[in-house]
Amino acid sequence: MSNGQYYVECQGNTSKSPDNERKSIVHKIVHALLPSSKSTQDADRSGSLSTCSGESVRLIFRGRCAQYAQFCVICASVWIVLFSVTGEQSLPGGNLFSLLVLFAGAVAGGHVFSLIHLPPLLGMLIVGGLLSNIPGVKVVGLGIDPKWSASLRKIALTVILLRAGLGLDPVALRKLSLTVFRVALIPCLFEVAANAVAARLLLDMPWDWAFMLGFALTAVSPAVVVPSLLTLSDAGYGLDKGIPTLVIAAATIDDVFNITGFGVLLGIVFSQGELALTIAKGPLEMLLGIVYGLVFGVFLWYFPSKDNDNVSFYRTVTLLGFGLVAVFGSSMIDLSGAGPLGCLTVGLVAAFGWRKQRQAGEKDQVAMASGVLWMLFQPFLFGLIGAAVKSEQIHDVRSLGLGTAVIAVGQSVRIGASVLSVLGTEFSTKERLFIAMARFPKATVQAAIGGLALDMALAGDNPEFVRLGTTVLTTAVLSIIITAPIGALAIALSGPRFLNKLDRKCTDLENSENTNHPENAAMLPSDSEQLVVTMETTH
C-alpha cells in the first residue's frame, strides 16, 4: 500500500470542533481496523454501482449501517477462527465464546449510551452486569474463566495507565506535587474514618473489621477515573491548571494507600505475616514503583534508537512490555501497589524524553498507538468489571440498605474533605467541586479485594468471621453498583461546565460556561455534520 490518506465523510456541515470529533467506540474500532468508505464513494460516483438497482441496496454500503455490518463481520470472522482452533471453548458456555459475546455486547452498549449523550463506559458496565445476572444469558458471564478475566483486566489497566502517563504534564505535576499528596491522602483519611464509624454503628462490626471495610470502600477506581479524565483532557478541559494530571496522579497514590491499609487490617484480623513488614509495604511499593518507572523510562529515551526506521512501533511494543512487567510482576512478588505506579511513571518519563526528540509539528505516534489499544481493551475492562458483580454475592438482603447508608456517609465526607484539601490553591470553587467529584467512582480495587476477607474466613471455622466477610463483600459490590456509574456520569457532565477549556490550536483560553452545548462532548456526529477522519499510512 503506497503513501496516502483515507477519508471518511458524512454529508453536511464541514465544521469540526473537539467535541464533535469524539466518536463512539464502534465508530473508532471500525475505522481503526478497516479501510474507509472513500473507495466505495468514488465507485458510486463513477457509476460502478449502477448495476445495483434501488437506493436501499446502495445504502447498506454507507453510513452507520455499513459500520454496524462491518463490525458484525469482524466478530463473526474472529469467532470462526477461534472455533477452528479451540473447538468447544468457542461454543456457548465456553470461555472464548463468552469473552467474544461480552466484547461485542460491551461495544454495543457503549455505543447506545453515547447516542443518548452518556459516557460509553456506563453502557459497558451495565451490559457486563446483565450478562452475569439475567437468567438465560448469564451463562455468558458464568462461562468466563476467572484467570482470563483477571488477566484481561490487568492488561487493559496497563494500557490506560500507560496512556495516562504519556499524557501527563510533567511541568504541572512538578508544580502541583504537594497538592497531589494533599488531594490523595486527606480525603482518604477522612473517608476511612467515616466508613469505619458508620460500619461500627450501622453494621455492628468490630473496630478492626470496620476499618478493613473502610479501606476497601475508600480506594478510587483508576479504570473509571483515568479514561474519564483523559476524555476531558483530549478536549482541552482543565489543561490550563493541570487538573487531569493532578487527579490521575492522586488516584494512583490513593490506591496504594488504601490497598496497604486493607492488607494491614487483613493481617491483624487473621494474624498472618509480620505486622511491621505489612505496614512498611506501602512506602516500599511507592518507592519501588517510582524507581522502576524512572529507570526504564530513561532506558526508553535511547532504546530503541531514534534512527530506526520503525522506531515508533518498537517504542510502543517496548513500552507496553515494561508496563505489563510492572503490573503482572508486582502481583507475582506480592507488591501489587507498585505495579500501577510504575506503569504510570514509565509512561511519564519516556514521554518526557521523546517529546524533546520530536520535531515541531511531528505527531506522537506512540500515543496514537496506545489510543488504538485502548479502543480494543476498553470494552473488556468495563464489561468484565460489570460481569464481576453477581447477585449471588449479595447474601444478606438486610445489609443492602445499611451498606448503602455506610457508602453514602463515606462519600459525603470524602467530597467535603476533597474540597478542603485544595483550599488555598489557585483553583476556583467550581474546579474544587470537580476535583471532589472526580474522586467518586469505585470499581477496580473493590472488585479485586472485596472478597478476600470472606475467602480467608471460609478457610477457617469461625461463623462470625464468615458473616463479617460476607458483609464486606456485599458492601464492596454495592459501592461498585452505586458509585461507578454515578461517578463517571458526574465527571462527564461537570467537566465541560466547571473547567476552563484550552483550545490546542489557537492556544486561547475560553470559559466553559460560554460553550453553547458542553454536553455534546460524548455525541456521535449527527447526519447534518461532516466528519473527516484522516489516517496517514507509510509502507
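From Ile482, atom CD1 reaches atom CZ of Phe440 across 8.5 Å, with rounding to the nearest 0.5 Å. Put simply, OG1 on Thr345 and CG on Leu161 are 10.0 Å apart, with the number rounded to the nearest 0.5 Å. Atom CZ of Phe103 and atom CE of Met124 lie 8.5 Å apart (nearest 0.5 Å). To the nearest 0.5 Å, atoms CZ (Arg432) and CD1 (Ile243) are separated by 11.0 Å. The CD1 atom of Ile415 sits 9.5 Å away from the CD atom of Glu191 when rounded to the nearest 0.5 Å. One finds the CD atom of Glu431 at 13.5 Å from the OH atom of Tyr237 (value rounded to the nearest 0.5 Å).
A 4.5 Å side-chain heavy-atom check between Leu162 and Val346 finds at least one atom pair inside the cut-off. The shortest side-chain heavy-atom distance between Phe382 and Pro227 falls under the 4.5 Å cut-off. Side-chain contact between Val409 and Asn195 is absent, with no heavy-atom pair separated by less than 4.5 Å. Within the 4.5 Å cutoff, the side chain of Trp374 has heavy atoms near those of the Leu381 side chain. You'll find the side chain of Val139 stays beyond 4.5 Å of the side chain of Pro92, heavy atoms only. Leu341 is not listed as a side-chain neighbour of Leu288, based on a closest heavy-atom distance of 4.5 Å or more. Using a 4.5 Å heavy-atom threshold, the side chains of Thr475 and Ile407 count as touching. Looking at heavy atoms from C-beta onward, Pro206 lies in side-chain contact with Trp209 at the 4.5 angstrom threshold.
Between Ala488 and Pro441, the shortest heavy-atom distance links the atoms N-CG, 4.1 Å. Across all their heavy atoms, Gln446 and Ala476 have their closest contact at CB-O, 4.0 Å. Residues Pro222 and Leu157 come closest through the heavy atom pair CG-CD1, 4.1 Å. Residues Asp255 and Val220 approach most closely at OD1-O, 2.6 Å, considering heavy atoms. Counting all heavy atoms, side chain and backbone alike, Gly410 lies closest to Ala194 at CA-CB, 4.3 Å.
Defined by atom type and a distance below 3.5 Å, a donor-acceptor pair is present between the side-chain atoms of Ser149 and Arg153. No side-chain donor-acceptor contact under 3.5 Å links Lys241 and Ser428.
In terms of modelled atom types and a separation under 3.5 Å, the side chain of Arg439 and the main chain of Val183 share a donor-acceptor contact. Without hydrogens or angle criteria, Ser98 side chain to Val140 main chain gives a donor-acceptor distance under 3.5 Å. Proximity of a side-chain donor or acceptor of Ser370 to a complementary backbone N or O of Ala367 within less than 3.5 Å is detected. No side-chain donor-acceptor contact under 3.5 Å links Ser233 to the backbone of Leu230. In this structure a side-chain-to-backbone donor-acceptor pair under 3.5 Å is present from Arg182 to Leu423. Under a 3.5 Å cut-off, the side chain of Lys501 and the backbone N or O of Pro496 do not form any donor-acceptor pair. Listed for the Tyr292 side chain is a donor-acceptor partner under 3.5 Å among the backbone atoms of Phe322. Panel note: side chain Asn95, backbone Gln89; no donor-acceptor pair is recorded below 3.5 Å. Judged by distance alone, with hydrogens and angles left aside, the side-chain atoms of Gln411 form no donor-acceptor pair with the main-chain N or O of Thr483 at under 3.5 Å. With Arg414 contributing its side chain and Thr218 its backbone, the two residues share a donor-acceptor pair below 3.5 Å.
Heavy atoms from other residues, nucleotides or ligands lying under 6.0 Å from CG of Asp204 number 12 at most. Under a cut-off of 6.0 angstrom, the local environment of CZ in Phe97 is crowded, with over 12 non-hydrogen atoms contributed by other residues, nucleotides or ligands.
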Audit row: Leu319, Leu166, side chain to side chain contact (heavy atoms under 4.5 Å, CB included) steps and yes/no: CA-CA 10 Å; Leu319 178 64; Leu166 293 171; 4.0 Å; yes

_Could you go through Leu384 and Ile144, starting from their C-alpha distance and side-chain angles, then the distance that decides it, and tell me whether this counts as side chain to side chain contact (heavy atoms under 4.5 Å, CB included)?_
CA-CA 9 Å; Leu384 289 170; Ile144 298 174; 3.9 Å; yes

For a side chain to side chain donor-acceptor pair (under 3.5 Å) check, start with the C-alpha distance between Lys154 and Ser331, then their side-chain angles and the critical distance, and finish with the verdict. CA-CA 10 Å; Lys154 285 183 178 180; Ser331 298; 3.2 Å; yes

*Give the C-alpha distance, both sets of side-chain angles, the deciding distance and a yes or no for side chain to side chain contact (heavy atoms under 4.5 Å, CB included) between Asn258 and Val192.*
CA-CA 9 Å; Asn258 286 292; Val192 168; 3.8 Å; yes

Using side chain to side chain contact (heavy atoms under 4.5 Å, CB included), reason through Leu130 and Val137 one step at a time and then give a plain yes or no.
CA-CA 8 Å; Leu130 293 177; Val137 297; 5.7 Å; no

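Among residues two or more places apart in sequence or in another chain, the side chain to side chain contact (heavy atoms under 4.5 Å, CB included) test is passed with Ala184 by Ala250, Ile253. For Asp364, the salt bridge (Lys or Arg N to Asp or Glu O under 4.0 Å) partners are Arg358, not counting sequence neighbours. Partners of Leu324 by side chain to side chain contact (heavy atoms under 4.5 Å, CB included), not counting sequence neighbours, listed by chain and number: Ile155, Thr158, Leu320, Phe328.
Checked against the 6.0 Å centroid criterion, the rings of Phe434 and Phe427 do not qualify as a close aromatic pair.
The residues Arg163 and Asp234 are annotated as salt-bridged, a charged nitrogen and a carboxylate oxygen being separated by less than 4.0 angstrom.
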